[in-house]
Amino acid sequence: MSDQTLPQAPEKSLSPETPGAGLTRRRLLGTAGATGLVVGAAGAAAGYAAAPTQATPLSSIGSGQEMFHVKHQPGITQGLQARGHLVAFDLAAGAGRKESAALLRRWSETARRLMAGEAAKDDDTDVARDAGPSSLTITFGFGHSFFARTGLEKQRPLALDPLPDFSSDQLDRSRSNGDLWVQIGANDALVAFHALRAIQKDAGSAARVRWQMNGFNRTPGATAHPMTARNLMGQVDGTRNPKPTEADFAKRIFVPESGSNDPAWMANGSYAVVRRIRMLLDDWEQLSAGAQEQVIGRRKSDGAPLTGGTETTEMDLEKTDANGDLVVPINAHARITRPDQNGGAAMLRRPFSYHDGIDADGVPDAGLLFVCWQADPLRGFVTVQRKLDRGDALSKFIRHESSGLFAVPGGAAEGEYVGQRLLEG
């Protein structure tokens with residue numbers, strides 16, 4: 001977990017009109033400019049997602065559409081989505097480069113169709129038939145082991161070297177890493193599940209699921225105005241995430257087209273660190289709100305620093321109280337994770353919360369599916385995590401239970417599939 005702000009797209013709220021009345025075409029068109037709707041999204045799926053003329057039109061949430069053929073793969077810079085699935089695959093015995101190329105071709109075509117609100121090409125399950133695209137994104141990445149399995153070791157990036165061990169790690173190796181990784185996000189749970197099943201079916205005999213994790217976030221439009229998300233500890237989480245409007249955003253998050261040590265096929269790509277971080281909620285919830293704020297370094301009510309102001313006010317790291325003690329404790333999570341306390345290290349955090357029921361000890365198995373993006377994981381995640389490992393007050397309330405690092409190539413151009421420049425280069 002980190003104190004960096006997530007660049008969230010404005011949440012889309014329906015007009016305060018009669019509940020259940022739905023959106024007329026006039027209302028939908030009238031709000032498109034303000035909410036960033038893609039009004040024609042349902043039309044791309046004629047006969048599948050588009051509603052009959054006599055039916056109530058899709059809401060703003062269902063109409064949202066993200067593009068597949070883009071410079072950077074979808075699912076990186078978009079705002080938080082209400083539902084997510086993270087799934088890793090291992091190639092089947094005997095499957096290599098040829099089978100991987102065919103699989104990525106199938107996956108890319110399925111992603112393109114589903115993100116447009118269309119049915120899967122073969123044997124669609126009809127789970128999402130009544131819905132629009134719902135801002136669906138599908139993102140693909142390669143793990144360290146993929147390159148040996150396909151004879152492409154010389155194309156494996158140095159940045160994909162395994163992450164170091166950390167003192168807070170209690171990793172389940174069976175739920176870590178993998179040859180291939182897929183991230184699915186949408187603002188409707190059925191749309192996300194539909195994509196998950198299609199991706200799993202497409203794997204066929206070429207790959208098998210290694211692990212799967214399911215997450216969620218607040219649904220866009222659930223709050224009165226756009227705001228930074230909260231995690232399952234109740235904290236405003238992601239205040240200092242780098243923003244696409246910042247001058248050095250692309251340099252920090254994406255591999256450049258030239259001038260880096262990465263192989264050419266990673267141009268415009270990024271590296272995803274994926275961690276299942278369990279929150280020890282029974283212990284955390286025994287703390288008073290004030291004690292929780294001392295652990296984080298921010299007010300629980302609105303995310304503002306303990307030194308005063310609003311959520312976006314710069315934290316005064318030197319401010320002391322009447323007793324001469326630092327207002328923001330030296331081991332506060334928000335202090336330790338600041339980029340200016342880590343040599344400028346930054347990562348774009350885009351997590352999901354998760355809750356997998358109650359474990360055998362009667363405590364909740366819940367926390368954060370941490371996903372962060374950076375051009376160089378050594379300068380991003382590893383730098384910050386090493387600092388946290390040395391004395392983060394939050395560490396006694398969380399446990400890192402699984403981990404993965406994946407190379408996520410740039411987006412596929414028209415007529416290409418994701419990873420084509422690696423597999424056919």
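All values reported here derive from a predicted model rather than from experimental measurement.
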Any salt bridge between [X] and [Y], counting N to O under 4.0 Å?
{"X": "K251", "Y": "D248", "result": "no"}
{"X": "E424", "Y": "R105", "result": "yes"}
{"X": "E153", "Y": "R156", "result": "no"}
{"X": "R129", "Y": "D126", "result": "yes"}
{"X": "D169", "Y": "R275", "result": "yes"}
{"X": "D202", "Y": "R106", "result": "no"}

Could you tell me whether a side-chain N or O of [X] sits under 3.5 Å from a main-chain N or O of [Y], the two making a donor and an acceptor?
{"X": "W284", "Y": "M279", "value": "no"}
{"X": "K387", "Y": "Q341", "value": "yes"}
{"X": "R399", "Y": "I277", "value": "no"}
{"X": "R97", "Y": "L423", "value": "yes"}
{"X": "D124", "Y": "E118", "value": "no"}
{"X": "N342", "Y": "G344", "value": "no"}
{"X": "Q420", "Y": "Y417", "value": "yes"}
{"X": "E99", "Y": "G96", "value": "yes"}
{"X": "K201", "Y": "D123", "value": "yes"}
{"X": "S108", "Y": "V418", "value": "yes"}

Exercise. After noting the C-alpha distance and the side-chain angles of E401 and R276, does the key distance pass the salt bridge (charged side-chain N to carboxylate O under 4.0 Å, His left out) rule?
Worked result: CA-CA 6 Å; E401 295 187 336; R276 186 181 191 270; 2.6 Å; yes

Please determine, by modelled atom types, if [X] and [Y] share a side-chain donor-acceptor pair under 3.5 angstrom.
{"X": "H85", "Y": "N214", "result": "yes"}
{"X": "Q212", "Y": "Q200", "result": "yes"}
{"X": "T137", "Y": "Q81", "result": "yes"}
{"X": "E311", "Y": "T228", "result": "yes"}
{"X": "D389", "Y": "S167", "result": "yes"}

Over 60° means perpendicular and under 30° means parallel, so tell me whether W211 and F406 are parallel, tilted or perpendicular.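 Ring orientation, 0 to 90° scale: tilted.
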
Can you tell me how far [atom2] of [Y] sits from [atom1] of [X], rounded to the nearest 0.5 angstrom?
{"X": "D179", "Y": "D90", "atom1": "CG", "atom2": "CG", "value": "4.5 Å"}
{"X": "S403", "Y": "F381", "atom1": "OG", "atom2": "CZ", "value": "6.0 Å"}
{"X": "Q170", "Y": "I398", "atom1": "CD", "atom2": "CD1", "value": "11.0 Å"}
{"X": "I184", "Y": "H194", "atom1": "CD1", "atom2": "NE2", "value": "11.0 Å"}
{"X": "Q292", "Y": "R299", "atom1": "CD", "atom2": "CZ", "value": "15.5 Å"}
{"X": "N187", "Y": "S63", "atom1": "CG", "atom2": "OG", "value": "11.5 Å"}

Would you please indicate if the ring centroids of W373 and Y271 are separated by under 6.0 Å?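 No.
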
(Q) Is it the case that the ring center of F166 lies less than 6.0 angstrom away from the ring center of H400? (A)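 Between H400 and F166, the centre distance exceeds or equals 6.0 Å.
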
### Query
Would you find more than 12 non-hydrogen atoms of other residues, nucleotides or ligands less than 6.0 Å from R175 atom CZ?
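Atom CZ in R175 is packed in, count exceeds 12.
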
Please tell me if the side chains of [X] and [Y] come closer than 4.5 Å, counting only heavy atoms from C-beta onward.
{"X": "L91", "Y": "T150", "result": "yes"}
{"X": "F254", "Y": "L348", "result": "no"}
{"X": "M315", "Y": "R338", "result": "yes"}
{"X": "V182", "Y": "I138", "result": "yes"}
{"X": "M233", "Y": "K300", "result": "no"}
{"X": "D359", "Y": "R278", "result": "yes"}
{"X": "V127", "Y": "F193", "result": "yes"}
{"X": "L368", "Y": "L232", "result": "no"}

- Identify which one of S168, P164, C372 satisfies the side-chain contact (heavy atoms from CB on, under 4.5 Å) criterion when paired with Q385.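 Answer to the side-chain contact (heavy atoms from CB on, under 4.5 Å) test with Q385 among S168, P164, C372: S168.
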
Report task. Check the pair F140 / W107 against ring pair (Phe, Tyr, Trp, His ring centres under 6.0 Å), numbers first and verdict last. Result -> CA-CA 9 Å; F140 304 102; W107 274 352; 5.5 Å; yes

Can you list the steps and then say if H72 with N268 is a side chain to side chain donor-acceptor pair (under 3.5 Å)? CA-CA 6 Å; H72 310 295; N268 299 315; 4.6 Å; no

| said: Before you tell me yes or no, could you show the steps for V274 and L86 under side-chain contact (heavy atoms from CB on, under 4.5 Å), namely the whole-Å CA-CA distance, both residues' side-chain angles and the distance that decides it to 0.1 Å? | reply: CA-CA 9 Å; V274 181; L86 308 179; 3.9 Å; yes

